[in-house]
Amino acid sequence: MPRTGRIARRTFLVGSALVGGGLAFGIWRYLTPGPNPLKAGLKAGQAALTPYVLIAPGGITVIAPRAAMGQGAQSALALLLAEEMDLDWDRVAVAHGPPSATYYNGAVLAEGLPFAPTDRSTQAELAREAGDVLAKFLGLQITGGSSSIPDGFDKMRRAGAAARAVMLQAAAARSGQPLEALRTGASAVILPGGGRIPYTALIAEAAGIDPPADPPLKPRGDWRLIGREVPRKGMVARSTGTELYGIDMVLPGMAYATVRRAPQLGAGVDRIDMTRARAARGVRKVVEIPGGFAVIADNTWRAFQAADLVEVTWAPAAYPATTEAMFAEVAGSFTADRRDSRFTDVGDVDAMLRQDVPGEARGKEGGGQEGAVQQGELIAAEYRAPYLAHAPMEPMNATAWLKDGHLTIWAGCQVPLYAASAAAKAAGVPPEAVTLHVLPMGGSFGRRLEDDFIAQAAQVARAVPGVPVKMTWSREEDMTHDFCRPLGMARGRGRVARGKVVAMDLAIAAPSTTASQMGRLGLPSVGPDTAIVAGAWDQPFAIPARRVTGYRVPEMAPVSSWRSVGASLNGFFHEGVMAELIHAAGADPLAERLRLVDDDASRRVLEAVGELSAWGRADLPKGWGRGLAFTLSFGVPVAEVVDVEATAAGIALRRVYIAANLGVVVDPRNVEAQMTGGAIWGLGHAMGAEITFDGGAIEQGNFDSYPFLRINQCPVFHTRALEMGDRVHGIGEPCVPPAAPALAAAIFAATGKRLRQMPFSKEVDFA
Amino acid sequence: MRLIVNGTTHEVDAEDRMPLLWVLRDILGLHGTKYGCGIAQCGACTVWLGGEAVRSCQTALGDVDQPVTTIEGLGAPGALHAVQQAWVTHQVAQCGYCQSGQIMQAAALLAATPAPTDSEIDDAMQGNLCRCGTYPRIRAAIHAAAAKLKEG
Ligand code: FES
Ligand code: FES
């Protein structure tokens, strides 16, 4: 891949550079369809009707070229294609397919644009199209940003319709019937007399037919799979222990490895003695790799054991050594020279916050944790969010085999083309000498947007040429070598008057995930990072005076995308301050948001959560509290209501109501699973999780010190997915951001305690 | 060392202190049992020792004195156990990585408590972590499996 191709999501050249005139550079390529990557691997008797449909005598496989990490995108993408091709869903197989630039993701860059999702201006729409062009130009095959469905909604349906057209033509040639007389259904062409020719019997004829470029799509009324309760693929395998995850890979003669790297992230080895480890039972080799060492043994446990026998001292970290020092850096970043963005600046905020208020009484801006209501009308508060680890249930792993100059890798991965090129470099082979097989993942939450562990497996394979080797991290290695969700702080001020919120000024300081990701690719990041303020600057509330300013904190520990990215902090910051303002105004949290909201879908979502939760009508038992929060992220407005009970054992989460607008609900049962799963992700981390540093190393190594919500803490959920507007959105992330602030508001309602820092367990106990 | 797993007897040459989890996965090639934490915090490695659900990451090979049942021994794609069937019907799994452990724990619960209440489910299942947040459907699937098992 060319160097310019190694560019991460969310880098925001697109906005300015591309719209400003760079559009032309890729246009010729944009108009040319990508080559069909399935053609190279075709076996006798198979046909690849499009890059997305592989047809063999034994059955039809839909290529859904996005990572399977639990979010259900593969199944939903396949469903879209099956709808148009009229496939028999029960007999469709789904595969990730080979990594290829043809499978670029044209929607992933949109979230990083400095245009709010509600902005439908020509300029915003042009920038979105430019994002699609750029993604294609770069061959950006990537899974993330809740973009699989927005990207695939038309693409997969068109591929299905094109494949169906090929089948019809093939059947016309075979049967001598006119095209117009033919219909399709259940993976077959249906002849006028009712006779059927299964698609799988048309392979020979189909091979010579070019699929149409722009086939017509079914009208919505004809859908029989989209929006219906169809079974998601992979359920039997995942309920019988027969799904093959990366960690389950086995090859004949395979060795088992583990690695340890400096706990001071990015640092290296000072001194190392591998003698004892080399003598341990089953150990084949102990070698240094960049930043640490690898143990290669005859099983994983022996590799883990031997790794403990290596005596090593590590070099110090290049960033502040403690969480305290890191937060001090954040607190010191609200300065003019670190200002990164001010996408929202409406009305005269300064005047609104100054009016009639003498100097000292303007609130404790820059002050400690305690916010205070000043003069009944003005508030100021400071919010904090910690670093967080992804910690998917399946620890990082990859299997690599370097044989006769060719490197083959099996791994879970969200960025297969980058990972393959990183692995090539690590193994010292040219990029074309790498084959990467992308396997299902035991969760990811953004972790596998990084390719560090894949490059490492290649380094390990280099130590044992000719031998396939599976490298597995211990949970401790995984948690202490994450690229965390950044920490951050916000300072919010605002004014209320006559029972209304009239001004809000939010300043947010956080390290830039984009810059950190780009830095690892050796590239500068251009322009402001929308992730620093995402979920805050773009909220659809017409507060007369409002301003959101982003400040860029230096990188410190490396950071990356974590389920819902910037909105995971900013949803809490924005809605926390909003809740305080509404409280100060003495207004109702739902009514005041409904008064301020200036986007139709967002209004409907707020109304829907009100209906669902019987807002204002529900008689809550004594000791209970109810909280509401709303965040628009990834184009999806989401409102959540949380009910808690203050019990003797602590706060118990009782009920959660969620409403969201997706435009089109492709797979309703999976949408419900992602809505509840996303909220649980947000709640579980807000309750008790944080990553802290001491001596430059992450202090949490496992689920005992990095707790997550468990079934006995899990509330009952009620969800509603709306279908408004003309655009389809993904749901893997958007339900995360409003969960924490809704919980904080509920705890405030139940106890009077205002929570301004995560995790909440610092200040309240949970049952 | 002799080990009976899913009704098959194996001779295993490994350290007594090697965790059963790794014996199953790396020596016997039974990959349905998962590694999540290695310290009894997540339940992904849950198997049965006799009829009891245990964490195989904390069970030393030398202490295995009863037959072992893993997810592969509970049921298979063509022949699902009632709990697995309920898991499929209720579409519990997201990534699925924790689900072998969840299912083994749930099946042990139902064997001991045929009609568990929500709070009995919570008590029995709280050692099984799911980062994807599938808990609401786990509850529903356990109730459904209980009803099914009662019908016979
Ligand atoms: S791996 Fe055994 S409990 Fe987590
Ligand atoms: S389904 Fe992914 S961890 Fe439970």
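To find a chain, count down the sequence lines: A is the first, B the second, and so on, and within it residues start at 1.
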How would you list, in number order, the residues of residues 127-140 of chain B that have a heavy atom less than 4.5 Å from chain A? B:G127, B:N128, B:L129, B:C130, B:R131, B:C132, B:G133, B:Y135, B:P136, B:R137, B:I138, B:R139
Ring center gap for A:F304 and B:Y35 short of 6.0 angstrom: yes
Measure A:I680 against the heavy atoms of chain B and call it side chain, backbone, both or neither at under 4.5 Å. side chain
Residues of residues 2-14 of chain B under 4.5 Å from chain A (heavy atom pairs)? B:D13, B:A14
Which one wins on heavy-atom pair count under 4.5 Å against chain B: A:P440, A:A679, A:S474, A:A237? A:S474
State plainly whether the residues B:R25 and A:D248 are in salt-bridge range, i.e. N to O under 4.0 Å. yes
Taking A:G443's backbone N and O only, do any of them form a donor-acceptor pair with B:Y97's side chain (distance below 3.5 Å, no angle check)? no
Donor-acceptor pair, side chain of A:N712 and main chain of B:D123, under 3.5 angstrom: no
Which one, A:T300, A:V236, A:N299, leads in non-hydrogen pairs under 4.5 Å with chain B? A:T300
Output the option from B:P77, B:A40, B:G32 having the highest count of non-hydrogen pairs under 4.5 Å with chain A. B:P77
Kindly indicate, with the supporting measurements, whether the criterion side chain to side chain donor-acceptor pair (under 3.5 Å) is fulfilled by A:Q674 and B:Q94. CA-CA 9 Å; A:Q674 291 306 305; B:Q94 288 188 30; 3.1 Å; yes
Is it true that A:E394 and B:K34 have a side-chain N and a carboxylate O under 4.0 angstrom from each other? no
